[in-house]
Enquirer: 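Below is a structure I'd like to ask you about.
FYI, the numbering just counts along the sequence from 1. Computed from heavy atoms alone, side chains included, the values below leave out hydrogens, waters and symmetry copies.
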Amino acid sequence: LLKALKAGKETADTITIAAAYDVLSYLYELQGNIPEAAKIRYDYLKVIEHSGDKNAIVHATAQLALNYKDLGNNQEAMKYFKQGLQPAKEAGDKVEETFFHSNIADLYIASGNFTEAMNHYTAALQLAYQFKDVPVLADIHHGMGNLYQAKGNYTEALNYYLFAAGEFKS
């Protein structure tokens, strides 16, 4: 893998470089070394941005955002989740667009910005209903339960949790 990365750099083969970075960052994630995975994922994103491949950009941005979220760096995670929305829209990837909205909503809950959290959960729901992915819908409804719980509205939170549980059963 390191030989492929070196060869890719020597020949300026961006596809080889990007693939090596992607696999290398994944290996670091598997080892639990998220800080190193994030550094390499950032390099991967920078290489892939030059290619213009929207799907690869969406993938790299999502993974980098998750790395930062795993590290508890919500500010960087938010930056990359937001950054990933536009390429996901341009690629026509409603699943990833939903993923970005849902994660942005989660981070807004953590920061206490419930209005923005609801806006992003609503956008995620609208998209998820279009592709009718029941586990995704259940996850979003569960997140909305978390939102209402954070706001102290336990009755509404319970309603969303029960609704999500019903979706998970189907």
Side-chain angles (χ1 to χ4, degrees), residues 22-23 25-38 40-42 44-45 48 53-170:
D22 190 27
V23 172
S25 63
Y26 179 68
L27 292 174
Y28 278 114
E29 287 171 0
L30 288 175
Q31 295 172 358
N33 190 344
I34 305 304
E36 193 61 31
I40 293 169
R41 187 71 67 187
Y42 176 82
Y44 169 53
L45 177 59
I48 213 67
D53 181 339
K54 296 293 183 204
N55 291 319
I57 291 169
V58 167
H59 168 74
T61 306
Q63 294 304 311
L64 182 58
L66 286 173
N67 287 157
Y68 282 120
K69 190 175 181 183
D70 289 345
L71 291 169
N73 187 340
N74 289 354
Q75 185 175 0
E76 286 297 302
M78 179 71 84
K79 172 183 161 183
Y80 287 104
F81 283 131
K82 285 182 174 182
Q83 184 177 317
L85 270 174
Q86 191 59 38
K89 286 179 188 177
E90 291 171 5
D93 191 336
K94 293 183 188 305
V95 173
E96 287 296 333
E97 193 178 345
T98 301
F99 165 84
F100 285 118
H101 278 297
S102 186
N103 276 282
I104 290 167
D106 292 345
L107 292 174
Y108 274 129
I109 290 173
S111 72
N113 189 336
F114 302 136
T115 301
E116 282 300 315
M118 182 57 83
N119 290 341
H120 284 278
Y121 277 136
T122 300
L125 270 178
Q126 289 172 346
L127 290 163
Y129 276 121
Q130 290 176 28
F131 57 86
K132 296 176 179 66
D133 187 322
V134 174
V136 171
L137 287 165
D139 187 55
I140 295 166
H141 282 114
H142 184 266
M144 292 176 85
N146 292 342
L147 170 62
Y148 281 104
Q149 181 179 353
K151 291 173 70 172
N153 186 339
Y154 302 112
T155 302
E156 196 63 22
L158 182 59
N159 288 334
Y160 275 101
Y161 290 143
L162 291 172
F163 190 76
E167 288 173 318
F168 274 121
K169 286 181 182 178
S170 59

Enquirer: How close do Ala117 and Ala105 get, heavy atom to heavy atom, and via which atoms?
Expert: O-CB, 3.4 Å
Enquirer: Work out which heavy atom in Leu71 is nearest to a heavy atom in Ala38; give both atom names and the distance.
Expert: CD1-CB, 4.4 Å
Enquirer: List the residues meeting salt bridge (Lys or Arg N to Asp or Glu O under 4.0 Å) with Glu90, not counting sequence neighbours, and say none if there are none.
Expert: Lys54
Enquirer: Provide the closest heavy-atom pair for Ala60 versus Leu45 in the form atom of the first, atom of the second, distance.
Expert: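 Taking Ala60 first and Leu45 second, the nearest heavy atoms are CB-CD1, 3.8 Å.
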Enquirer: For a quick test of reading the model, state the closest non-hydrogen atom pair linking Gly145 to Ala157 and the distance between them.
Expert: O-CB, 3.3 Å
Enquirer: Drop me the distance from Glu116's CD to Ile109's CD1, to the nearest 0.5 angstrom.
Expert: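 Between Glu116 CD and Ile109 CD1, I get 12.5 Å after rounding to 0.5 Å.
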Enquirer: For Tyr80 and Arg41, what are the C-alpha separation, side-chain angles and deciding distance, and is it a side chain to side chain contact (heavy atoms under 4.5 Å, CB included)?
Expert: CA-CA 12 Å; Tyr80 287 104; Arg41 187 71 67 187; over 6 Å; no
Enquirer: Would you please indicate if the ring centroids of Tyr148 and Tyr154 are separated by under 6.0 Å?
Expert: no
Enquirer: Holding to salt bridge (Lys or Arg N to Asp or Glu O under 4.0 Å), I want the full list of residues that pass it with Asp93, two or more places apart in sequence or in another chain.
Expert: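 For Asp93, no residue satisfies salt bridge (Lys or Arg N to Asp or Glu O under 4.0 Å) once neighbours in sequence are set aside.
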Enquirer: Return the minimal non-hydrogen interatomic distance between Ala164 and Ala138, and the atom names on each side.
Expert: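 The pair with the smallest heavy-atom distance is CB-O, 3.3 Å.
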Enquirer: Any idea which heavy atoms bring Val58 and Ala88 closest together, and the distance?
Expert: CG2-N, 3.3 Å
Enquirer: Drop me the distance from Asn146's CG to His141's NE2, to the nearest 0.5 angstrom.
Expert: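 Between Asn146 CG and His141 NE2, I get 13.0 Å after rounding to 0.5 Å.
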Enquirer: Yes or no on side chain to side chain contact (heavy atoms under 4.5 Å, CB included) for Asn113 and Leu107, after CA distance, side-chain angles and deciding distance?
Expert: CA-CA 9 Å; Asn113 189 336; Leu107 292 174; over 6 Å; no
Enquirer: Who pairs with Tyr42 by ring-ring contact (aromatic ring centres under 6.0 Å, His included), at least two apart in sequence or on another chain?
Expert: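 For Tyr42 there are no ring-ring contact (aromatic ring centres under 6.0 Å, His included) partners, ignoring immediate neighbours.
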Enquirer: Taking only residues two or more places apart in sequence or in another chain, which ones pass ring-ring contact (aromatic ring centres under 6.0 Å, His included) with His101?
Expert: His120
Enquirer: Give, for atom NZ of Lys89 and atom CG of Leu127, the distance between the pair rounded to the nearest 0.5 Å.
Expert: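 With rounding to 0.5 Å, NZ (Lys89) is 8.5 Å from CG (Leu127).
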Enquirer: Is Lys94 salt-bridged to Glu97, going by a charged N under 4.0 Å from an acidic O?
Expert: no
Enquirer: Quick one, His59 and Asp22 - any side-chain contact, counting heavy atoms below 4.5 Å?
Expert: yes
Enquirer: Just to verify, what does Phe99 make a ring-ring contact (aromatic ring centres under 6.0 Å, His included) with, not counting sequence neighbours?
Expert: Phe81
Enquirer: Going from NE2 on His142 to CG on Leu162, what distance comes out if it is rounded to the nearest 0.5 angstrom?
Expert: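 Between atom NE2 of His142 and atom CG of Leu162 there are 10.5 Å.
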Enquirer: Just verifying a value: how many Å separate Leu27 CG and Asn33 CG, rounded to the nearest 0.5 Å?
Expert: 11.5 Å
Enquirer: Check the pair Tyr121, Leu147 against side chain to side chain contact (heavy atoms under 4.5 Å, CB included), reporting the backbone distance first and the verdict last.
Expert: CA-CA 9 Å; Tyr121 277 136; Leu147 170 62; 4.3 Å; yes
Enquirer: With rounding to the nearest 0.5 angstrom, report the CG to CE distance, Asn73 to Met78.
Expert: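 Reported value, rounded in 0.5 Å steps: 11.5 Å.
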Enquirer: For atom CZ of Phe114, is the number of surrounding heavy atoms from other residues, nucleotides or ligands below 6.0 Å larger than 12?
Expert: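 Counting other residues, nucleotides and ligands, CZ of Phe114 exceeds 12 neighbours.
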Enquirer: Are any non-hydrogen side-chain atoms of Lys69 and Glu76 less than 4.5 angstrom apart?
Expert: no
Enquirer: Report, one line per pair, each donor and acceptor closer than 3.5 Å where one atom sits in a side chain of residues 61-68; sequence neighbours left out.
Expert:
unit_1 : atom_1 : unit_2 : atom_2 : d
Thr61  : OG1    : Ile57  : O      : 2.7
Asn67  : ND2    : Glu29  : OE2    : 2.9

Enquirer: Is any side-chain heavy atom of Ile140 closer than 4.5 Å to a side-chain heavy atom of Thr98?
Expert: yes
Enquirer: Out of the candidates Asp139, Asn159, Leu125, only one should pair with Met144 under the side chain to side chain contact (heavy atoms under 4.5 Å, CB included) rule; please name it.
Expert: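 Going through Asp139, Asn159, Leu125 one by one, the side chain to side chain contact (heavy atoms under 4.5 Å, CB included) with Met144 is satisfied by Leu125 alone.
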